[in-house]
Amino acid sequence: MFNDGNILIPDTELIAEFNKKLKFWYIKNHRKLLWRETTDPYKIWLSEIILQQTRVAQGTPYYEKFLLNYPTVFDLAAADERDVLRLWQGLGYYSRARNMHYTARQVVNEYGGKFPETAAGLSKLKGLGNYTAAAIASFSFGEAVAAIDGNVYRVMSRIFGIQSDMLSNQGKKEFALMAGQLVPSDDPATYNQAMIEFGALQCVPVSPACHICPVTDMCFAFAHNMQNQLPVKVKKLKVKQRFFNYIVVESNGQLAMKERPSKDIWQGLYDFYLLESTAPIEDPDDLQSLISSAGLLQQGILKMTSKIYTHILTHQRLHVSFWWLEISETNTIDLPAGLTFYTKEQIESLPKPILIDTFLKEEKYL
DNA sequence: TACGCGTGGCA
DNA sequence: TTGCCAAGCGT
């Protein structure tokens, strides 16, 4: 192994050994898929576009009906975009279909109906990124370039112990460097197919069957029992947007509060009657219907405080509005479950989220 | 660079 | 039920 700064590139003997075992596994275990029985770049291209982020079982019927309706790139180029989209219907990621149609016309009009024969040339076409361009280049034209899809990332990461984030740019560079060392000049097409198929069938994301794997003897993940940790994908934590509409029920100077339930933020702290919505509510009428559907008796004047509070948590952004519901002294009210009236003194001593505390102070209640 | 893009299968 | 994807790409 030699060190390239960030990753260890295995020596040529180890690479040769891995490739040999991989190829043997592939010959024995690969699926017979329609698009593997041709080198026609149009068909390979069609299959690769369809299979982007899509399972074989889901994409196969589409591959067949597209070939039936548009047997050649000329037929696809001559079609109306609307018809192409109609045929794509149900497969999702519809820009794939639009780009494919666009590219078919470009191939016909600017390339005389022939696809470029290198990954670099193919990359210039719309809808073809690094992976798809490399896949077509190797499958159709035998170019010795590595086609790195999600399966290949996983296999390389586990076998050779690459622990860089496969979603980061730096990580992608390291994987690409490794992949470039692995791809053989002899029959790169079968090698690429084999890597992808190996990832799809044997080195699967969850609970791979390592006891029947032919390369455990050279597998970093197996040796370190890290199959479930690799590949590393640093998930960008997604900030969820939530819209809170608090009903501050007031009666004789007391406020109705309740303890926060488990399995949500602020567990054990106290807040008001909460109606959560998927979008901000600005019209009191909308809130009224929400309230009545929730069974809260409407016996007072609902008044929104002017301001909408934004409260930021690690993984949530809360957009919070407060609505005062004043109950006149002569009325009684059936409070929803969990709510209890508390005096100002009691409220002062209750544990509350900062947001609630701030609100009460700004309203000069506390 | 980070994010939106669709659908169906699975635990 | 809900989250996590599955042969990525364009912006």
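The figures that follow rest on heavy atoms only: side chains count, while hydrogens, waters and symmetry mates do not. First the proteins, then the strands, lettered A, B, ... as listed; each starts at 1.
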Interatomic distance at P, C:dC4 relative to B:dC3, whole Å: 16 Å

Residue A:K233, side-chain heavy atoms: nucleotide from C:dC5, C:dA7, C:dG8 that is nearest: C:dC5

For atom CG of A:D165 and atom P of B:dA2, their distance in whole Å: 10 Å

N/O donor-acceptor pair under 3.5 Å between A:R96 side chain and A:I49 backbone: yes

Salt bridge present between A:E81 and A:R105 (N-O < 4.0 angstrom): no

Closest to side chain of A:P205, choosing from C:dC9, C:dA7, C:dA6: C:dA6

Distance below 4.0 Å between A:Q53 side-chain N/O and C:dG8 OP1 or OP2: yes

Integer-rounded Å distance: C:dA7 C1' and A:Y63 OH: 14 Å

Whole angstrom value for the distance that separates C1' of C:dA7 from CG of A:L46: 13 Å

Sugar-phosphate only, base, or nothing, as touched by A:I44 at under 4.0 Å among non-hydrogen atoms: nothing

Presence of salt bridge, A:K172 and A:D165, under 4.0 angstrom: no

Out of B:dG6, B:dG9, C:dC9, whichever nucleotide has its closest atom nearest the side chain of A:R55: B:dG9

C:dA7 and B:dG4, which share atom name P, separated by this distance in whole Å: 22 Å

Mutual orientation of the aromatic rings belonging to A:F359 and A:F322 [parallel < 30°, tilted 30-60°, perpendicular > 60°]: parallel

Side-chain donor-acceptor pair present, A:R158, A:Q227, cut-off under 3.5 Å: no

Among C:dG10, C:dA7, C:dG8, the nucleotide that comes nearest once only the side chain of A:A200 is considered: C:dA7

Per A:R96 side chain, nearest of listed nucleotides C:dG8, B:dG6, C:dA7: B:dG6

Side chain of A:T132 - closest among B:dG6, C:dC9, C:dA6: C:dC9

Sugar-phosphate only, base, or nothing, as touched by A:G59 at under 4.0 Å among non-hydrogen atoms: nothing

Side chain of A:K126 - closest among C:dT11, C:dC5, C:dG8: C:dT11

Whether A:F244 and A:Y246 hold their rings parallel, tilted or perpendicular, with breakpoints at 30° and 60°: perpendicular

Comparing A:L125 and A:I196 on DNA chain C - which has the more 5′ nearest nucleotide: A:I196

Between C1' of C:dC5 and OH of A:Y153, the distance in whole Å: 17 Å

Rounded distance in Å - CZ (A:R98) to P (C:dT11): 10 Å

Distance, rounded to the nearest Å, where A:H30 contributes NE2 and C:dA7 contributes C1': 16 Å

Candidates C:dA6, B:dC5, C:dA7 - which lies nearest the side chain of A:Y93: B:dC5

Rounded distance (Å) that lies between atom P of C:dA6 and atom CG of A:L201: 13 Å

Length of the CD-P vector between A:E48 and C:dA6, whole Å: 17 Å

Closest to side chain of A:Q58, choosing from C:dA7, B:dG6, C:dG10: B:dG6

A:R154, nearest nucleotide to its side chain (from C:dA7, C:dC9, B:dG6): C:dA7

Pairwise 5' ranking along DNA chain C for A:L128 and A:T54, keeping only the more 5' one: A:T54

SB check A:E17 A:K21 (cutoff 4.0 Å): yes

B:dT7 phosphate, OP1 or OP2, under 4.0 Å from A:Y94 side-chain N/O: yes

Sugar-phosphate, base or nothing in reach of A:W88, heavy atoms under 4.0 Å: nothing

Integer angstrom distance from the P of C:dC9 to that of B:dG8: 23 Å

